[in-house]
Structures are given as structure tokens and as C-alpha cells.
K.L.:
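Below is one structure. I have some questions about it.
In what follows, chains are A, B, ... by sequence order, proteins preceding strands, each numbered from 1. Note that this is a predicted model, so its numbers are computed, not measured.
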Number of protein chains: 2
Amino acid sequence: MKLVNQRSTELKVIYGPALAVDAVLFTIDKDELKILLIKINSGPYKNKWAFPGGLAQTKETLDETAKRVLFQKTNIDNVHLEQLYSFSDLKRDVRGRVVSVAYFALVNNPYNFKIKTTSYYSEISWWSVKNLPPMAFDHQKIVNYAFERLKSKIEYTNIVYSLLPEEFTLTELQNVYEIILDKKLDKRNFRKKMTSLDLIKKTGNKRKGEVHRPAELFCFNRRKLVFL
Amino acid sequence: MKLVNQRSTELKVIYGPALAVDAVLFTIDKDELKILLIKINSGPYKNKWAFPGGLAQTKETLDETAKRVLFQKTNIDNVHLEQLYSFSDLKRDVRGRVVSVAYFALVNNPYNFKIKTTSYYSEISWWSVKNLPPMAFDHQKIVNYAFERLKSKIEYTNIVYSLLPEEFTLTELQNVYEIILDKKLDKRNFRKKMTSLDLIKKTGNKRKGEVHRPAELFCFNRRKLVFL
DNA sequence: CCAAAAGTGTTTTAAGTACACCCATGG
DNA sequence: CCATGGGTGTACTTAAAACACTTTTGG
């Protein structure tokens with residue numbers, strides 16, 4: 001492809017990096033924060049794990065690229081995807097010069113995805129962020145960045161809605177916060193805060209059938225990103 | 001240039017967007033927050049104004065690209081440059097498909113830059129963010145984003161150090177905050193807060209020669225980014 | 001002695017933290 | 001009736017906000 005020097009009127013042929021998107025997909029499963037990784041089974045990154053990703057195409061925005069690669073590789077659709085940062089270390093991909101725009105997304109577990117296997121990708125699985133396998137490219141760096149963003153973002157937005165089902169108990173909500181922040185929170189203070197913010201409301205239903213007092217069920221007022 | 005499908009071992013020739021960097025440079029001048037713009041004098045964006053920017057080269061990181069294009073276009077060097085966001089609207093540059101990674105930077109005014117004029121760029125000047133000229137590309141969108149980032153970042157970091165000389169009075173520091181936030185701050189509360197944070201210290205010198213009580217001069221403990 | 005900006009403390013309000021017991025259910 | 005997690009309120013601490021007068025200098 002000829003890249004044109006777009007910033008002048010003379011068309012000079014120049015060379016530039018390729019542009020890719022990687023999607024860091026988080027979920028909570030069995031009281032652990034996990035990310036979705038795909039195992040690479042050939043080439044220089046053989047037996048290393050990577051995020052679902054792919055090259056940006058000309059006729060799509062990066063948001064669309066992120067959505068597309070996630071869907072193509074995992075069948076996952078309709079999730080909140082958010083741009084994180086662009087990574088451009090010279091050696092991040094030893095096979096060639098690729099700049100990657102990282103995105104992150106959150107899904108409610110268990111998510112019914114199907115891996116589309118190829119000769120290049122075979123295995124796909126969720127990994128606890130506390131116990132990650134050997135990562136391809138600079139993906140360890142990207143996951144660290146994504147994890148920090150997630151931790152700070154749950155403090156001033158409602159994004160955890162994506163990690164929860166439609167209805168949930170306050171204890172379940174608190175668990176999500178505790179798992180992400182990796183620390184215990186005070187039950188009374190947590191409930192006071194959550195009910196004072198205008199993010200959730202009672203559905204009137206209760207979680208019954210367990211060997212203790214039934215819990216009130218709540219839902220988010222809006223299932224889209226809200227800042228406090 | 002042939003772009004290779006970097007995410008597989010088979011080398012497929014694909015086409016992707018070109019990658020550029022744009023730098024939003026802020027300063028404070030005459031009690032106004034200003035940004036540096038260059039006037040385009042030919043092509044579809046003739047008579048519109050744009051940030052210093054340029055295409056990313058293969059053998060440099062985006063941070064290096066940002067530093068380079070800023071230096072090449074303005075001779076400005078050694079400023080704090082920080083990645084903002086990647087902009088990828090399909091129609092952001094009508095001449096072709098270019099994704100731009102925006103950076104922002106802050107300089108202490110007056111900065112002694114020299115524009116390097118070409119047939120494409122001629123005029124360069126500072127514009128108040130409250131009164132911007134017609135902007136090229138999607139640069140109006142980028143400046144809005146950068147401005148929001150700046151406003152929030154001065155609340156939890158020391159970045160304003162780049163907008164101030166080595167030594168400054170607390171009133172001068174407060175002015176910087178008031179101009180960026182576009183609101184008056186309480187003098188006593190501001191000073192209490194600033195002196196309680198461990199960001200600045202007295203130099204022992206005073207600003208003399210003015211028709212009022214001389215002001216204590218302060219400097220930042222560290223002239224690099226610190227989070228609170 | 002006047003004008004101009006520098007400098008300085010206290011009170012009030014809001015938000016966050018710490019902390020312990022009773023409740024409703026299923027088995 | 002017992003084990004289990006659900007649900008609740010008050011006191012303390014810390015940070016932010018409101019607010020007005022005295023000081024030092026040059027002219």
C-alpha cells in the first residue's frame with residue numbers, strides 16, 4: 001500500500017506502521033477477575049497467549065475494528081467497549097512494525113462465546129489476572145494498563161453494570177467491587193454509598209430459595225455508561 | 001507499502017489506515033489559555049487551522065513521533081508530552097484515511113519558537129481556547145477532548161509546573177488554575193491546599209519592586225509529572 | 001498616607017470510615 | 001433451633017467550603 005503524506009498537498013509515498021486493535025475482555029468468574037486470552041500455536045509467539053485483536057481496516061473506525069475483531073474471534077457482541085491507549089514500542093511485535101490501539105470491555109459471566117479456531121489460534125480461555133500465562137507481544141503491559149483503568153473507573157462510573165446480570169443483590173454488587181479492588185469493603189458503608197448514588201434501584205423481587213434471609217434484588221437505572 | 005497481516009503467520013497483503021500524530025500545545029498568555037495552531041494555505045483545508053502534526057514513521061514510537069513533529073514544526077523541545085486519545089472517524093481527513101493519535105503538551109509562555117514555513121503551512125499563532133478560528137480535520141473535537149483532560153488532570157497531578165517559570169508566586173499559581181478551570185478560587189483555601197500538598201516549596205526569594213507587599217516565591221519540588 | 005496585592009485562621013458542612021447486632025429463611 | 005448470609009444506624013474523623021481583616025511595599 002502506498003501511504004501518502006496526508007499533511008501536505010504533494011503526495012509523497014512514505015512508510016508507516018501498521019495499525020491493529022487489541023481487546024482486553026474482563027469478566028468475573030468464581031470470585032476472580034479474569035481476562036479472555038487466545039493461545040497462539042505457531043510463529044515466534046507460539047504457545048504464548050494474546051488478546052483477541054486484528055488489523056484495522058480502511059473503512060471502519062477503531063471502535064468498529066474493536067467490535068469486529070472481538071465478534072470475529074469470539075462471537076461476543078453488544079458489550080461496552082472503550083478505548084484505552086495506543087501502544088507503539090518498536091519491539092512490541094517482533095514480526096513487524098505494528099502500533100496497537102488497546103480497548104477494554106466487560107462482560108457478564110458466563111458468556112456464551114464460541115471460539116473460531118484457525119491454524120494460528122486454537123485454544124481460548126479465561127485467565128485470572130492474578131495468574132496469567134506467558135503473554136505474546138507487549139500484552140502483559142496492556143493488561144496492566146487495562147487493569148489500572150478498570151480499578152479507577154469503577155470508582156466514578158457505573159461500568160460494573162456490564163459485569164452483572166439484569167438483577168443482582170447488593171452483596172453480589174459488593175463482591176464485584178471487592179474482587180476488582182482486591183480488598184474487603186465495609187458492608188454498611190458500601191450499601192449506604194450505593195443507595196445514595198442514583199445508579200441502582202430495587203426491582204421488588206427477592207432472591208429466594210437459599211438457606212438464609214432472602215436478599216432484595218436491584219437493577220441499574222441505566223445500562224449504559226454514566227459518570228458520577 | 002505492503003501491510004502484512006501481522007496477526008497470522010501467513011503474510012496477507014492488506015490495506016489499512018495511515019497513522020498520524022497531532023500535538024495540542026497549551027500555554028497561558030495574558031490571562032488566557034491558548035493553543036498553538038498552524039494555518040493551512042492550500043488544499044481542501046485552505047485557510048483552516050490545525051495542530052502541529054505529521055505521519056508516524058516506522059522506526060519511532062508514537063511518543064517520539066509527537067516529539068519530532070512538534071520540534072520540526074515549531075522548534076519546541078523538552079516539553080511534557082502525553083498521549084490523549086486516538087481519533088479515527090472515517091471522514092476526519094477528506095483527503096484519505098488517516099487515524100490520528102492526539103497528544104497534548106504544556107509550555108511556559110512566552111516560548112521562543114520559530115515556525116518553519118512551507119508552501120503548505122505559513123502562519124503559526126496562539127489562539128485562545130475560548131475563541132478558536134475555523135479548524136481543519138476533526139481538530140475542534142480534539143481540542144475539546146484535550147481541554148477536558150487538562151482540566152481534570154490539574155486536579156490530581158502537578159502538571160501545571162510546565163505552564164509556570166522556575167519561580168512563581170502563589171497568586172500566579174492560583175491564576176493558572178483559575179484560567180484553566182474558568183472560575184474564581186478562594187485564596188485562603190487554595191493556599192492551604194497547595195502548601196499542604198508536598199508539591200511546591202519556598203525558594204526564599206521574593207518578587208520585589210511592585211507597588212505592594214512583596215510576594216514569596218515558590219518552586220515545584222519536582223519538575224516532572226507527579227500524581228497526588 | 002494611600003492604593004494595591006500579599007498573607008493569614010476559624011467555623012461550618014459534607015463525605016468517608018469504623019463498628020455490632022437483629023432478621024428471615026431452609027434444613 | 002441452628003446455621004447462614006441479609007439488613008440496618010450512629011459516632012468519629014477528615015477534607016472541603018465559606019468568609020474578612022492586617023501587612024508590606026512603592027509612589
Side-chain angles (χ1 to χ4, degrees), chain A residues 28 30-31 151-158 160 164-165 167-219 226-228, chain B residues 28 30-31 151-158 160 164-165 167-219 226-228:
Chain A
I28 287 181
K30 299 191 190 71
D31 288 338
K151 278 192 277 192
S152 75
K153 206 126 192 183
I154 62 170
E155 303 278 14
Y156 63 93
T157 71
N158 66 344
V160 293
L164 286 155
E167 290 191 317
F168 50 87
T169 68
L170 284 181
T171 302
E172 287 161 1
L173 182 60
Q174 185 174 342
N175 277 340
V176 169
Y177 275 85
E178 290 182 345
I179 291 164
I180 294 171
L181 299 174
D182 196 24
K183 67 177 180 197
K184 283 282 164 201
L185 300 174
D186 179 87
K187 181 160 62 161
R188 277 171 293 190
N189 293 337
F190 181 82
R191 294 161 104 92
K192 200 189 312 172
K193 184 80 191 291
M194 278 299 154
T195 49
S196 75
L197 301 172
D198 197 34
L199 295 178
I200 58 172
K201 61 169 186 278
K202 286 189 186 179
T203 65
N205 303 327
K206 298 198 178 194
R207 166 104 1 119
K208 290 182 185 161
E210 293 181 53
V211 194
H212 53 77
R213 178 173 175 175
E216 287 277 357
L217 288 169
F218 290 77
C219 65
V226 174
F227 289 78
L228 302 186
Chain B
I28 287 182
K30 299 191 191 70
D31 288 339
K151 278 192 276 193
S152 74
K153 205 125 192 182
I154 63 171
E155 303 279 14
Y156 63 92
T157 70
N158 67 343
V160 293
L164 287 155
E167 288 191 318
F168 51 86
T169 68
L170 284 180
T171 301
E172 287 162 0
L173 182 61
Q174 184 175 343
N175 278 340
V176 168
Y177 275 85
E178 290 182 345
I179 291 163
I180 294 171
L181 299 174
D182 196 24
K183 67 176 180 198
K184 284 281 165 202
L185 300 174
D186 180 87
K187 182 158 64 159
R188 278 171 293 189
N189 293 337
F190 181 81
R191 294 162 102 94
K192 201 188 310 170
K193 185 79 190 291
M194 278 299 154
T195 49
S196 75
L197 301 172
D198 196 33
L199 294 178
I200 58 171
K201 61 170 188 278
K202 285 189 185 178
T203 65
N205 302 326
K206 298 198 178 193
R207 168 100 6 117
K208 292 185 183 158
E210 294 181 53
V211 194
H212 53 76
R213 179 172 174 175
E216 288 277 358
L217 288 169
F218 289 77
C219 64
V226 174
F227 290 78
L228 301 187

K.L.:
Nearest heavy atom decides the nucleotide; on that basis, is Val211(A) or Arg191(A) closer to the 5' end of DNA chain D?
P.N.:
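Mapping each residue to its closest nucleotide by heavy atoms, the 5'-most match is Val211(A).
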K.L.:
Short question: side chain of Tyr177(A), backbone of Ile154(A) - any donor-acceptor pair under 3.5 Å?
P.N.:
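Here the side-chain-to-backbone pair exists.
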K.L.:
For the side chain of Lys187(B), starting at C-beta, report the closest nucleotide among dA17(D), dC19(C), dT8(C).
P.N.:
dT8(C)
K.L.:
With heavy atoms under 4.0 Å as the rule, sort Lys193(B) into base, sugar-phosphate or nothing.
P.N.:
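It contacts sugar-phosphate atoms only.
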K.L.:
Rounded to the nearest Å, what distance is computed from the NZ atom of residue Lys184(A) to the P atom of nucleotide dG16(C)?
P.N.:
21 Å
K.L.:
Report the distance from atom CD of Glu210(B) to atom C1' of dG7(C), rounded to the nearest whole Å.
P.N.:
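Atom-to-atom, Glu210(B) to dG7(C), this comes out as 15 Å.
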K.L.:
Does the base of dA6(C) carry an N or O that pairs as donor and acceptor with the side chain of Arg188(B) under 3.5 Å?
P.N.:
no
K.L.:
Between Asn189(A) and His212(A), which residue's closest nucleotide on DNA chain C lies nearer the 5′ terminus?
P.N.:
Asn189(A)
K.L.:
In whole Å, what is the span from the CZ atom of Phe190(B) to the P atom of dA18(D)?
P.N.:
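Rounded to whole Å, this separation is 16 Å.
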K.L.:
Can you tell me the distance, in whole Å, between the CG atom of Leu170(B) and the C1' atom of dT8(C)?
P.N.:
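To the nearest whole Å, that distance equals 12 Å.
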K.L.:
Under 3.5 Å, side chain of Glu155(B) to main-chain N/O of Ser152(B), donor-acceptor pair present?
P.N.:
no
K.L.:
Kindly give the heavy-atom pair with the smallest separation between Arg207(A) and Glu167(A), and that separation in Å.
P.N.:
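Closest heavy-atom pair between Arg207(A) and Glu167(A): NH2-O, 4.0 Å.
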K.L.:
Using only heavy-atom distances, decide whether a donor-acceptor pair under 3.5 angstrom links the side-chain of Lys208(B) to the base of dT24(D).
P.N.:
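Check fails, no donor-acceptor contact within cut-off.
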K.L.:
dA6(C) phosphate, OP1 or OP2: any side-chain N/O from Thr171(B) under 4.0 angstrom?
P.N.:
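It does, given that an N or O in the side chain of Thr171(B) lies less than 4.0 Å from OP1 or OP2 of dA6(C).
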K.L.:
Tell me whether the side-chain N/O atoms of Arg213(A) come closer than 4.0 Å to OP1 or OP2 in dT4(D).
P.N.:
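Result: no.
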K.L.:
Among the nucleotides dA5(C), dA17(D), dT10(D), which one has an atom lying closest to any side-chain atom of Lys192(B)?
P.N.:
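The listed nucleotide nearest to Lys192(B)'s side chain is dA17(D).
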K.L.:
Are Val176(B) and Leu164(B) packed together at the side-chain level, in the sense that at least one heavy-atom pair is separated by less than 4.5 angstrom?
P.N.:
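Answer yes - side chains close enough.
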K.L.:
Could you give the CG-to-C1' distance, from Leu173(A) to dG6(D), as a whole number of Å?
P.N.:
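It works out to 15 Å between those atoms.
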K.L.:
Quickly work out the Glu155(B) CD to dA15(D) C1' distance and round it to whole Å.
P.N.:
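In whole Å, dA15(D) C1' lies 14 Å from Glu155(B) CD.
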K.L.:
With no angle test and no hydrogens, is the base of dT25(D) tied to the side chain of Lys206(B) by a donor-acceptor pair under 3.5 Å?
P.N.:
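No, no donor-acceptor pair under 3.5 Å.
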K.L.:
Give me the one residue out of Asp186(B), Leu170(B), Leu173(B) that meets side-chain contact (heavy atoms from CB on, under 4.5 Å) with Arg191(B).
P.N.:
Leu170(B)
K.L.:
What is the distance from CG of Asp186(B) to P of dT12(C), rounded to the nearest Å?
P.N.:
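Going from CG in Asp186(B) over to P in dT12(C) covers 17 Å.
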K.L.:
Rounded to whole angstrom units, what separation is found between the CG atom of Leu181(A) and the P atom of dT17(C)?
P.N.:
12 Å
